[in-house]
Structures are given as C-alpha cells and as structure tokens.
Amino acid sequence: MTSAAAPTPPPTPATEKSMEEIVSLCKRRGFIFPASEIYGGINGFWDYGPLGAALKRNLREAWWRDCVMTPPTGPDGKPVRIVPVDSCIIQNPRVWQASGHVGGFNDPMVDCKETKARYRADHLSTVSNGGDFDPDRICVFINGDDKSRKRAVDRLEKHLRYENVPINTPLRRSDFLSFDWNKFGACIVGPDTDKPGTLTEARAFNLMFKTYVGANATEDDVAYLRPETAQGIFINFKNVVDTMRVKVPFGIAQVGKAFRNEVTPRNFTFRSREFEQMEIEFFCHPDQAKEWYIFWRDWRMAWWHSVGLTSENLRLREHDCDELAHYAKAGAGTSDIEYRFPFTAPDFGELEGVADRSTYDLTQHETESKSKLQFFDQERGEIAKNGQPKGEWFTPNVIEPSAGLDRGTLAVLCEAFTPDPERPSKVFMRFHPRLAPIKAAVFPLVNKDGMPEVAEKLHAELLARFGHLGAIEFDVKQSIGKRYARMDEAGCPFCFTIDGDTLTDQTVTMRDRDTASQERMNIDNVCDFVADKLQV
RNA sequence: GCGGGCGUAGUUCAGUGGUAGAACGUCAGCCUUCCAAGCUGAAUGUCGCCGGUUCGAGUCCGGUCGCCCGCUCCA
C-alpha cells in the first residue's frame, strides 16, 4: 500500500528484441493476424485484430489531430493551415501517366538462369560484332561499370577470334532491349557468365495493381489501385483552392490506403502490398521551399518522438543526390525519418519520407490535364501605381511529409515491446498512454464484499469520460496478479484496484504498468489522474 | 523471381509408418485482501493445402501456399 516511486526502467535496445516474439505476441493478444489465415494466408497482406486496430486508429488520430486539426506554428510565426481531403483509390489512369507511375513502376527485369543474378533491363547494354549481318554473339554489360564492360568486350573478341569471324566493322554498342529476342536470344551472354543463352527475356514488374472499370474488362477499361495517396491531393489542388479560401502557403492532408505489388513483401507489416499512408502536401512559394522543407522535416521528427519513439531508435537521414527520386531532383532535398526496427537493427528502416517535390507534380498534371494548376498571390508582384502589388501567378512548390501508418504502428509496437523476466508475463507493452488501445482497467481485488459494485461505478465513470479514446477494462475473474499480467501484455498503462480499504476510506490502488509500482489515491481523483496522463 | 530453413491446439513445442500429445494460455465453478497461487472441470487440431506411395501417412515422395533468413527488388 505504499507509493514506492520505482524508477521507470530504461528502454530495451532494439538489438535485444526478438521479432519472432513480437509477431507471436501480436497474434496471441490480437494486434495483428495474417490476412486470410484460415485459407492459408496471402503473401504481403495483414489484418489488424481488436487491439491492433485500436492502436493503429490512435496513431492515425494523433497524426490527424496534430497535423490537421491543431497544426503547429510555421517558420513565419503564423499557424500552419492544413485542410483535409479524402480522394478515391481508383482514379483516371491518366493520373498515373502524369505522375510517372505508369512508366516508373514498370521496370523490366532480366534474370540470369546460370548465376541467379537479376538486372534491370534498362541498366544493361550490349556489345556485338557490328554491321548489317546477324551477330554471332552479343555480350551484355552493366551501364557505368567499366569492369563489366571490359569483360564483355574481351569475351566477344575472344569468341570472334576463336570462331574466325572477321571483324568488318567496329564493335557495336546497343541498348539491351533493342534486340529481336526470338532471333538472338540464344547468343546473348550475361554480364557474369560465359555461357550464352542464360538470360531470360525482360519481364515487366508492374508495381501497380491493375483492375478494370466497368463490365467489359478490355484493355480500354484498365485502371489502377493508387500506389500512393499523394496524387489524389495534387489532382484536387484546384478544387481546394477554388472552394476553401486558402492562400499559399497551405497544406492538404490525406490518410488512406495505397497498394503496391511489391516483389518481395518482407519483415512482418513493414513492406506489405496494401498499406496506409498519412500524407501532407504542403504548397509554398518556390522561394520559401527550403525553409518549409527544413521546418517539416524537423517538426515531423519531433512528432515521432512525441508518440513515444526514443531518440536512440529514431534518426533523420538526408538522401544523397544520386538517391533522389525523379520528382525530387530539383528540390531542396529529401530526408527519411528512420526507425531502428529489431529486424533492421543496428541499421534503420524508413518510417516517413520528407521530400521537396518542387513544382514537379503540379506541372506534370497541368501539362497532362490542360488545367491551370497555379496560384495567384495578390500580395506578390511589382507595385502598381495605386501602391498595391500587382499580384503574381506561380506554380507552388510542394513539400511532402509522407508517413507510413502501418510502419508507424509497427515501430510503436516494437518500441513498446519490453521483455522483463521478473514479471509473470515475461514481457509488457510500454505504449505511450495516448496510443494505448486500453486506457485503464478497474479491478475489484476480490469478487465479493461489495468491491465489485464500487469497481463497476468507477468503471462507468471512466468509460463515460474516456471511452471515446479507448477501451476501459473491467475484470473480476481469477487472481489479481493474472489480471495485471494480462494488462501488461495488452499495454494498459494504469490499473485501478478496489480493495477492503476503499470501502472505508475511499482510496484505490493505482498500479503503474511500467514500474509495476503502486500508489494510493482517492477514488474521486482517478478520472483527473487519467486525463492528465492521456493529455486530454 | 532464385537459394536455404520451417509449417502439429491461441502460443511455445514434443511426436520411431500403427489410437493426436505436453506446457502455458483460454473458459466455467470453488477458493483468493495486490502481481500468471491452489483445487475441480471444459473447450480448442482437416497435423498449412492438394495429390501420390502404403493394409495404414503428422511421419515417406511430388506439387502448392504461407512464414523466416540470404540474394534480387523497393520510381
């Protein structure tokens, strides 16, 4: 009955957490299940169980509230303006033409049957004996790789000498994709082998899921499930500007599902084929791109800290120039906010990308759609005779903080997972109270002597005040220790226990999840205590 | 897509070609005044799935699906 303020234990290093145990706990306690499990599952898809759905919702709500409903103050000292949209998963296919996904998501790949190597076909070139006659041998090399090129040339010359084929014209370099595969496939030698004919024909790996709109299902009816939510924002830019009285700088936010037919889904929910994104496309004048980029990068980083991810497991990584995506080449930069997952540790995996997409997307859609996607700023431009600025048309620059909700949820799960051999449960989930699926639990110490009745009353009060934020548990079954242990694995931060003393002095025990310590407080103060901890 | 490993109860795992098992968890009852206590009982399995060999397959063989690891990939 003491209030022994036990110190909060230090976080467990990511390298000491077992992903297998985390996956197993997620299954056992109803956080995450394999999708379609009773039919043998489906590669790259996961379902959230009751606790997982609540956890994910809490993370989504936290993002929504902090980014959209009560956004931060910007670098200009003014409150940031963000408006939401909710766009369709299926759009006119021209959207993906303009965005570059139809081209960019179609990387033809080539496999070598001999060496098991795989190459991007557009990264390969060939050398052959030139001229108009059919080549006897075509040697392939990797673009930009001098060693690979030299090897291909050496091999070709050796072969031609050996076969006594006269070299009438200089060796000819060609694009790998330009050959008639039926005719020349058998004489192509891969970059890492001496045997001809081991390369497969280039096959396209289309990362977009394809479907058909309407009943005909012809090639004219092809549509795609969106591979990112961002384009749904860009194509609504004009509608938002025309209807919402917004002025640049402002942002449009969206949370929603996106789909990518990943070659190799891996690492639990980290790379799945159906996933949820939380994105802001922030529009600003190109002159201010740099400062807004830095602002969002740093503020998003701080946000992930605020939901409980610790500094040692979070880092900001600026992309190198050669790493930049096509849409970000002209921008001020791209950063990844990365988390040290147990399966990447000691390395990190991407949680959120913050990119300066420059004017790429709006320009692309303006060209493709022939709609004017620019903004008229009346406060810019040269000063007219009347002393007022003439105004200026410009294509806004886009800063994009794009976060993965499933990855965020996984990071929160991994961060929370805390092995503790001293506890009956051997492990507890240290969720930030704001994210915890179960906010509080009320237990009568024993199921008699009027304790259940008092507990039920407290439970009802907590439910009325906090039920919209998460579950409030009530349990009278079995021993108190077992009930605490269950709450440890579910990550419930506070348990309130009604005992014999409660009936006489109106005090209850608050059992703290992280320290397993107990503190007595008046039953009337319980709600305020919880409100304080939940930051509401 | 390639190579390796693994699929048996909710979980972790035993299981020699011959009746489907354990521990923990779950549920019910009793008991219990603070950390998975105890007692009594119960439910839970197409042994991932499909086929083959066999008198007989969880066990052997083939295929397939899924998970993990390494490649490859991740505009």
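Computation of the quantities below employed the complete heavy-atom set of this structure, encompassing side-chain atoms and omitting hydrogens, waters and symmetry-equivalent molecules.
A/F268 comes within 4.0 angstrom of the backbone, heavy atoms only, and of no base. Within the nucleic acid shown, A/R423 has no heavy atom closer than 4.0 Å to any nucleic acid atom.
Of the residues in residues 440-454 of chain A, those placing a heavy atom less than 4.0 Å from an atom of RNA chain B are A/L445, A/V446, A/N447, A/K448, A/D449, A/M451, in numerical order.
For residues 10-23 of chain A, no pair satisfies side-chain hydrogen bond (donor to acceptor under 3.5 Å, both in side chains), with sequence neighbours left out. Listed by first and then second residue, the ring pair (Phe, Tyr, Trp, His ring centres under 6.0 Å) pairs involving residues 493-530 of chain A are A/F494-A/F529 (not counting sequence neighbours). Applying the salt bridge (charged side-chain N to carboxylate O under 4.0 Å, His left out) rule to pairs touching residues 33-53 of chain A yields A/K27-A/E37, sequence neighbours excluded.
As rounded to the nearest Å, B/rG45 and B/rG15 have C1' atoms that lie 14 Å from one another. Nucleotides B/rU16 and B/rC61, compared at atom P, are 14 Å apart to the nearest Å.
For the OP1/OP2 pair of B/rA37 and a distance below 4.0 Å, the side-chain nitrogens and oxygens of A/S479 include at least one atom meeting the criterion.
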Solution key, residues 444-463 of chain A side-chain donor-acceptor pairs under 3.5 Å, sequence neighbours excluded:
| from | atom 1 | to | atom 2 | distance (Å) |
| --- | --- | --- | --- | --- |
| A/H459 | NE2 | A/I472 | O | 2.9 |

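Applying the side-chain contact (heavy atoms from CB on, under 4.5 Å) test to A/S272 and every residue at least two apart in sequence or in another chain returns A/W46, A/F275. In this structure, the side-chain contact (heavy atoms from CB on, under 4.5 Å) partners of A/E366, at least two apart in sequence or on a different chain, are A/K372, A/L373, A/Q374. Remark: A/K426 engages no residue in a side-chain contact (heavy atoms from CB on, under 4.5 Å) (not counting sequence neighbours). Residues that satisfy the side-chain contact (heavy atoms from CB on, under 4.5 Å) test with A/D488, not counting sequence neighbours, are A/R423, A/S425, A/F428, A/R511, A/R513.
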Under 3.5 Å, N/O pairs linking protein and nucleotides 38-47 of chain B:
none

When you compare the protein's N or O atoms with those of nucleotides 63-66 of chain B, which come within less than 3.5 Å of each other, and at what distance?
| from | atom 1 | to | atom 2 | distance (Å) |
| --- | --- | --- | --- | --- |
| B/rC65 | O2' | A/G40 | O | 3.4 |
| B/rG66 | OP1 | A/N43 | N | 3.1 |
| B/rG66 | O4' | A/G40 | O | 3.2 |

B/S/- contact track for nucleotides 23-29 of chain B, protein heavy atom under 4.0 Å: ---SSSS
